[in-house]
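Encoded as structure tokens, the structure appears first; notes follow it.
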Amino acid sequence: MTDRGELHDSAGARSCALGIDIGGSSIKAGLVDLERGRVIGERVVVPTPQPATPEALTNAVCGAAAEVLTESPVGASAAESADEASTTLPVPVGIAFPGVVKRGLVTFAFNLDDSWLGTNIEQTMGAALGRPCVFLNDADAAGIAEMTFGAGRGWHDRTVMMLTLGTGIGTALFTRGRLVPFTELGHVEIGGEDAELSASASAKVRLGLDYPTWAAKLSRYCREIEKLINPDAFVFGGGISQDHADWLHLLDISTPAAPAKMQNDAGIIGAAVHGASVPTGAQR
Ligand code: BGC
């Protein structure tokens, strides 16, 4: 892949897209090979500005996108061959957001600055990036990546519940391979308290819990999800899934469970897949 033409197959279908994953502590971005489900070249990681106001976050996302395009050989050659006078990014863009974005508007953002609520994030970011971009929830993005290329690949005949364990608990529900978007089941209340306050990976650190104690809290949460959703399988993602050997066997649940396979790239890859699958101008 050395020139812009090679970013597209002979039928003109897009084969490469920019994926951006906005998290509570960092923003990750990378160009994604959509056939292989892999980040091409270096991913760029920048800190999430604090407070993550619309202006600060937009600047940080634009900085990360520009860095991907200049750092990556594919992005640099694509940018060079794009119309010099245009600021338009040469590939589709998908952005994973830790909240709910409906028809371009942020309607829920539990772990970000409140000033996001009611903002048209697709317009704001699209104008700043110089091309339309498509938003989806970060856990939905990770789920798309796992169902397409990772742990859920052979499970398109089942109901799969992907849980991302990080700053919060993200949930992505798939039934027969189709995503039911924007489930916010990390906020189910357990004992009168939002579940992510005691069962997320950040809660483990904040409360100083060892693996058995945290696994007991996560089990209680998962049993609640079993009762409400009856999934056929769980996929556990988020940074802590890389240490699954320390805790997966401690879970006291009835549903088969597997660790995520795409690790830190899941959000970037799922965002890029989504960005390339929604036609320009048709994003919701
Ligand atoms: C947010 C979700 C997000 C999850 C993981 C939760 O606090 O409400 O939208 O998917 O954190 O980032």
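Just follow the structure's listing: the first ligand is 1, and inside any ligand the first atom is 1.
- Formation of a donor-acceptor pair under 3.5 Å by the T70 side chain with backbone atoms of E67 is found in this model.
- Annotation for ligand 1: atoms under 4.0 Å from non-hydrogen atoms of E184 are 1 (C), 2 (C), 8 (O), 9 (O).
- For the ligand labelled ligand 1, residue G186 lies outside the 4.0 Å heavy-atom shell.
- Between the side chain of W247 and the backbone N or O of S241 there is no donor-acceptor pair closer than 3.5 Å.
- Atoms of ligand 1 lying under 4.0 Å from any heavy atom of G170, numbered from 1 in the order shown and given with element: 4 (C), 5 (C), 10 (O).
- The shortest heavy-atom distance from T167 to ligand 1 is not under 4.0 Å.
- Without hydrogens or angle criteria, R131 side chain to V91 main chain gives a donor-acceptor distance under 3.5 Å.
- For G99, a nitrogen or oxygen atom sits less than 3.5 Å from a nitrogen or oxygen atom of ligand 1, counting backbone and side chain alike.
- Here N137 has side-chain heavy atoms under 4.0 Å from ligand 1, and that is the only part of it that gets that close.
- Residue M162 holds its CE atom at 10.5 Å from OG1 of T171, rounded to the nearest 0.5 Å.
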Point to revise | Derivation of the side chain to side chain contact (heavy atoms under 4.5 Å, CB included) call for F234 and E226 | key: CA-CA 10 Å; F234 281 114; E226 286 176 328; 3.9 Å; yes
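- Among L165, I22, D138, the residue whose heavy atom lies closest to atom 12 (O) of ligand 1 is D138.
- For ligand 1, the atoms lying closer than 4.0 Å to a non-hydrogen atom of P98 are 1 (C), 9 (O), 12 (O).
- Close to ligand 1: I169, with a non-hydrogen atom less than 4.0 angstrom away.
- Using a cutoff of 4.0 Å between basic side-chain nitrogens and carboxylate oxygens, R223 and D252 are scored as salt-bridged.
- Ring to ring, H187 and F110 are close: their centroids are under 6.0 angstrom apart.
- Taking the ring axis of Y211 as reference, the NZ or CZ atom of K204 stays within 45° of it and closer than 6.0 Å to the ring centre.
- Counting atoms of ligand 1 from 1 in the listed order, those under 4.0 Å from a heavy atom of E196 are 6 (C), 7 (O), 11 (O).
- Residue contact check: F110 has heavy atoms under 4.0 Å from atoms 7 (O), 8 (O) of ligand 1.
- Of the N or O atoms in T171, none lie within a sub-3.5 Å distance of an N or O in ligand 1.
- Judged by the shortest distance from any of its heavy atoms, F182 lies outside the 4.0 Å radius around the atoms of ligand 1.
- With no hydrogens or angles considered, no side-chain donor-acceptor pair links T53 and S115 at under 3.5 Å.
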